[in-house]
There are 2 protein chains.
Amino acid sequence: MSKGAETRARMIETASRLFQAQGYAATGLNQILTESGTPRGSMYFHFPQGKAGLAAAVVEAHAAEFAAALEAVVAATPTTADAVEAAIGWLAGQIETTACRAGCPVTVVALEVANDDPDLRAATRRAYERWAAPLAERLRADGHPAPAAASLARGAVAALEGALVMCRAFGDAGPLRDVAATLRPLLTPPDR
Amino acid sequence: MSKGAETRARMIETASRLFQAQGYAATGLNQILTESGTPRGSMYFHFPQGKAGLAAAVVEAHAAEFAAALEAVVAATPTTADAVEAAIGWLAGQIETTACRAGCPVTVVALEVANDDPDLRAATRRAYERWAAPLAERLRADGHPAPAAASLARGAVAALEGALVMCRAFGDAGPLRDVAATLRPLLTPPDR
DNA sequence: TTCAAGGTAGACCGGTCATCATATTTTGTC
DNA sequence: GACAAAATATGATGACCGGTCTACCTTGAA
């Protein structure tokens with residue numbers, strides 16, 4: 001990785017963390033620069049679209065990272081229910097070790113910016129679709145017909161995202177565990 | 001209603017609408033005052049805690065309104081599944097008539113402010129609990145044991161909230177319908 | 001080593017932000 | 001009508017905002 005690419009990655013990582021903890025509009029570029037130890041001049045070099053461009057990169061990075069994690073647990077567990085539960089276990093760990101400051105930057109950007117930035121709306125949509133895809137595929141392999149599998153996968157992603165928000169309100173990972181219990185009977189194939 | 005109380009109510013209603021559409025930090029007090037046609041001096045009179053106090057009033061008002069709506073549909077429908085579906089139908093209508101600018105101000109405040117304001121965190125928690133309560137009660141009446149009913153009710157609320165965020169990203173009410181389909185088998189009593 | 005491209009440093013800009021303070025007006029009760 | 005409480009009007013404050021600009025430095029390939 002070149003020095004510039006490292007600078008860029010640090011900006012994205014710090015922005016993601018701050019967006020998760022406190023939202024998009026409340027996170028100023030000065031804070032991102034200070035906490036990442038990166039220079040202002042580089043911000044506009046790497047992200048010519050400015051703050052929105054940075055947000056797009058954050059959404060894309062998080063989408064890829066979480067999609068990879070879901071694909072990995074789907075490949076490593078016998079049922080969709082087990083995969084989702086593994087993902088939830090990981091998310092719960094994040095919530096607990098960060099005192100609820102960890103969440104989902106895609107949800108932050110969708111809520112705060114999507115109405116006024118069609119590109120960011122599309123980016124957040126792609127992120128959610130990307131997360132539903134491995135679950136839907138697995139559900140089809142479990143015997144669900146394709147439309148129902150896709151719908152159930154999206155429902156599961158919605159439940160996860162809602163649970164993350166509620167963990168913020170409750171101050172603990174309880175809601176994620178509620179969602180794990182809620183989804184289990186739906187994601188377990190009938191032969192189990 | 002006195003003139004002052006009307007001013008206060010207009011502030012809360014406008015703030016709620018703007019928080020839903022664009023988030024908390026991106027909504028400045030000037031915009032709230034301009035769009036509600038209310039005076040700046042009155043803001044600090046009615047809300048001595050300032051913007052946070054206004055947010056607390058928004059959360060409280062929305063919690064009460066949606067709890068009342070849930071209680072009404074629970075009382076008017078034969079099963080929990082029907083009640084949740086009626087609520088989802090209403091929410092979908094809001095999403096569609098506002099081009100996705102309607103959402104949930106409690107989720108906005110939880111995401112953006114709860115980490116730095118313990119009072120607002122507690123207020124958002126109470127709101128979610130208030131929404132889960134009528135569902136849990138109904139699920140108990142359907143035969144679910146109390147701990148499972150409470151957990152499933154919270155899971156359902158999480159799914160609803162996540163669906164609202166995803167509607168923002170998708171630009172339509174599709175995710176709410178996915179969640180309705182996802183929850184139906186879980187909320188339908190075994191004798192149906 | 002050279003040099004072009006990539007990347008950085010840092011000052012500056014006009015604008016917005018939430019809050020505060022105090023004088024004034026309005027409201028509501030007796 | 002009197003009067004106290006409620007509500008409003010309005011200007012001011014210091015902090016912060018994202019973006020721009022230009023000179024300069026660093027990197028990486030030939």
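Excluded from the calculations below are hydrogen atoms, water molecules and symmetry mates; all remaining heavy atoms, backbone and side chain alike, are included. Lettering follows sequence order; numbering is per chain, from 1.
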> Can you tell me if the side-chain N/O atoms of A:Thr7 get under 4.0 Å from OP1 or OP2 in C:dG7?
Replying inline: no
> If we only count heavy atoms from C-beta on, is the A:Thr79 to A:Leu187 side-chain gap below 4.5 Å?
Replying inline: no
> Are any of the side-chain heavy atoms of B:Glu161 and B:Trp131 separated by less than 4.5 Å?
Replying inline: yes
> Within this structure, what is the OH-to-C1' distance between B:Tyr44 and C:dT22, rounded to whole angstrom?
Replying inline: 16 Å
>> Is there a side-chain contact between A:His46 and the phosphate of C:dT8, meaning an N or O under 4.0 Å from OP1 or OP2?
In response: yes
> How about A:Leu33 and A:Met11: do any of their side-chain heavy atoms sit closer than 4.5 Å?
Replying inline: yes
>> Could you check whether any side-chain heavy atom of B:Asp82 comes within less than 4.5 Å of a side-chain heavy atom of B:Thr188, counting everything from C-beta outward?
In response: no
> Can we say A:Arg130 and A:Glu60 salt-bridge, meaning some charged N sits less than 4.0 Å from an Asp/Glu carboxylate O?
Replying inline: yes
>> Which residue is it: A:Asn115, A:Thr107, A:Thr124? I am looking for the one with a side chain to side chain contact (heavy atoms under 4.5 Å, CB included) to B:Arg168.
In response: A:Asn115
> From the 5' end of DNA chain D to its 3' end, which nucleotides mark the outer limits of contact with chain A, defined by a 4.0 Å heavy-atom distance cut-off (strictly under)?
Replying inline: D:dC17 to D:dG28
>> Within the 4.0 Å heavy-atom criterion, would you say B:Thr38 contacts the bases, only the backbone, or no part of the nucleic acid?
In response: nothing
> Once you round it to whole Å, what is the distance between C1' of C:dT8 and CZ of A:Phe47?
Replying inline: 15 Å
>> Whole angstroms only, please: what is the CG-P distance between A:Asn30 and C:dC17?
In response: 17 Å
> Starting at the 5' end of DNA chain C and moving along, which residue's nearest nucleotide shows up first, A:Arg40 or B:Pro48?
Replying inline: A:Arg40
>> I want to confirm an ordering. Mapping A:Gln31 and B:Ser2 to their closest nucleotides on DNA chain D, which one lands closer to the 5' end?
In response: B:Ser2
>> Just the rounded figure in Å: distance from C1' of C:dA18 to CE of B:Met11.
In response: 14 Å
>> Nearest whole Å is fine: how far is C:dC12 P from A:Leu29 CG?
In response: 20 Å
